2 protein chains.
Amino acid sequence: MRDKGIRTRERVLAGATEIFHRQGFSGTSIHDLIRETGVKKGNLYHFFRSKEEMGLEVLTRARDDFFTFLENSLQGDRPSDQLANHFESILRYHEGRNLLGGCIFGNTALEMSDRNETYRNVIHSVFVEWRRSIREVLETAIRSGEVRKDLDPEAMARHIVATVEGGILLARASRNPADLKECLAVLAGLFGIGGEATGRWGKQTG
Amino acid sequence: MRDKGIRTRERVLAGATEIFHRQGFSGTSIHDLIRETGVKKGNLYHFFRSKEEMGLEVLTRARDDFFTFLENSLQGDRPSDQLANHFESILRYHEGRNLLGGCIFGNTALEMSDRNETYRNVIHSVFVEWRRSIREVLETAIRSGEVRKDLDPEAMARHIVATVEGGILLARASRNPADLKECLAVLAGLFGIGGEATGRWGKQTG
DNA sequence: CTATCAGTACCGACTGTTTGGTACAATATA
DNA sequence: TATATTGTACCAAACAGTCGGTACTGATAG
């Protein structure tokens, strides 16, 4: 494949990512992709065998991008800073998009989990890795005494991922980013990060 | 519309509810409904103006059923019993269905929120009422001293709803009901209900 | 320099099927 | 008979995907 072909392929993939994100897999027609990317049908099928294959590549690339996002957002001196930064990055992302499309993994999980095992596995791996990253942060926090020792980091990490996905879902249903914001605030409060107004649930300091 | 007609209509609605639940709105074709219910096309359109109208009625009835479920499951002598019973009922429901279709409101929220304002409003009202019911339980619990006074019942209620929806999502992605179960266990632990193994987060009794 | 050529990129008409929806005749029931 | 109910044939549009072909490109040979 030559440079020009690669660029065209990338253009399709970029457009497809956005449309699949916004409209879901079933909700996106090949015609939608043609309209959005300007790449004609014959050419599109020159680069991709099927809509399903294209969806899979969109999904795996989105996963890779998300892993990068995880690394970048879980930064900070102390574990609590890392979590706080993570939450802020998530909120910023969804507010920036005005909640449009929400989380592509959450969407596809609900749309495709019962219909496409390959898709489901990719999405599953996203949540596994997300949880693992957060669990590591929590373990460090527990070792350093920043968070109560009697907490199960695995369970807490899963709890965080679930609440974030649920918060996005609620925010989309209400068309109000505050729903997500306040879910994140409660999570932060749970671990004694910032937003003390919500109540402190972490290490009992008072 | 006579008795027989009403019965036919109900049969369509029942079948449509199950298929919309399992496959989503876009993922369900009229042909699917005909195959499932045995009601022929002309007859189907005798009772419903369009697929969208049918989806709306499915959704509003599901909402009414869910409100009944809320009442029935939030039963118990003490607030903590009510919440525990609620969580158990949710888990039992999804385990009984083997996670098939998950939560019809969560699914439709992600699928349709950006596409159909009417649907979104119905779903939104579900989450609002769900949150309200739980908030009332929490307020009672706070008044009775069962739960710490410094907690914001509104924020906590939203947190619970979000985590339940997120837990269902994770469980479907992993095909493992344990993901939901453990999210519910953490929530229970938060309010000092049962499952102490997860850690007690509620009123500090020890 | 330039004719040839293989491989890549690209195009739009076409296929068979499925879509949501309609028209209307046939049948059942009051 | 009159009306409610049901079944079948049908429709245009949309669907994912195919096909035969053209246009371009860079390398090679004369």
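Every chain is numbered from 1, with letters handed out A, B, ... down the list of sequences. Since the structure is predicted, the reported quantities are computational estimates derived from the model, not experimental observations.
Salt bridge annotation for B:Arg131-B:Glu154: present, with a cationic side-chain nitrogen under 4.0 angstrom from a carboxylate oxygen. One finds no salt bridge joining B:Asp114 and A:Arg22 here, because no Lys/Arg side-chain nitrogen approaches an Asp/Glu carboxylate oxygen to under 4.0 Å. For the pair A:Asp32 and A:Arg35, the salt-bridge criterion is met [side-chain N within less than 4.0 Å of a carboxylate O]. By the 4.0 Å N-to-carboxylate-O rule, B:Glu111 lies too far from B:Arg120 to be salt-bridged with it. A salt bridge links B:Arg175 to A:Glu117: one of the charged nitrogens lies within less than 4.0 Å of a carboxylate oxygen.
Rounded to a whole Å, the CD1 atom of B:Ile30 is 9 Å from the P atom of C:dT19. Rounding to whole angstrom units, CG of residue B:Leu33 and P of C:dT18 are separated by 16 Å. Atom CZ of A:Phe48 and atom P of C:dA9 are 12 Å apart (whole Å). As rounded to whole Å, 16 Å separates atom C1' of C:dA13 from atom CG of A:Asn43. The distance from atom CD1 of A:Ile34 to atom C1' of D:dC15 is 11 Å, rounded to the nearest whole Å. With rounding to whole Å, B:Lys51 atom NZ is found 14 Å from C:dT22 atom P. Whole-Å rounding puts the A:Phe47 CZ to C:dG7 C1' distance at 13 Å. As a whole-Å value, the separation of B:His31 NE2 from C:dG21 C1' is 15 Å.
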Return the polar atom pairs (N/O with N/O) between nucleotides 18-26 of chain D and the protein under 3.5 Å, or none.
residue : atom : partner : partner atom : Å
D:dT25  : O2   : A:Arg2  : NH2          : 3.2

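Within the structure, no pair that satisfies the ring-ring contact (aromatic ring centres under 6.0 Å, His included) test touches residues 164-189 of chain A, not counting sequence neighbours.
Comparing the helix axis at one end of the helix from C:dC1-D:dG30 to C:dA30-D:dT1 with that at the other, each defined from 5 consecutive pairs, gives an inter-axis angle of 10° (nearest 10°).
With D:dT8, D:dT6, C:dG20 as the candidates, the nucleotide lying closest to the side chain of B:Thr8 is D:dT6.
Phosphate proximity of C:dA9 to A:His46: present, with a side-chain N or O under 4.0 Å from OP1 or OP2. The phosphate of C:dC10 has neither OP1 nor OP2 within less than 4.0 Å of any side-chain N or O from A:Lys40. Distances shown here put every side-chain N or O of A:Ser29 at or beyond 4.0 Å from the OP1 or OP2 atom of D:dA14.
B:Ser26 comes within 4.0 angstrom of no nucleic acid atom, judged by non-hydrogen atoms across all strands.
Taking for each of B:Arg11 and A:Glu52 the nucleotide of DNA chain D with the nearest heavy atom, the 5'-most of the two is the partner of B:Arg11.
Judged as a salt bridge (charged side-chain N to carboxylate O under 4.0 Å, His left out), and not counting sequence neighbours, the contacts of B:Arg97 are B:Glu18. Taking the side-chain hydrogen bond (donor to acceptor under 3.5 Å, both in side chains) definition, one finds that A:Ser50 meets it with nothing, sequence neighbours left out.
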Result block: side-chain N/O donor-acceptor pairs under 3.5 angstrom for residues 102-109 of chain A, not counting sequence neighbours:
residue  : atom : partner  : partner atom : Å
A:Asn107 : OD1  : A:Arg172 : NH1          : 3.2
A:Asn107 : ND2  : A:His21  : O            : 3.4
A:Asn107 : ND2  : A:Gly101 : O            : 2.5
A:Asn107 : ND2  : A:Cys103 : O            : 3.3
A:Thr108 : OG1  : A:Ile104 : O            : 2.5

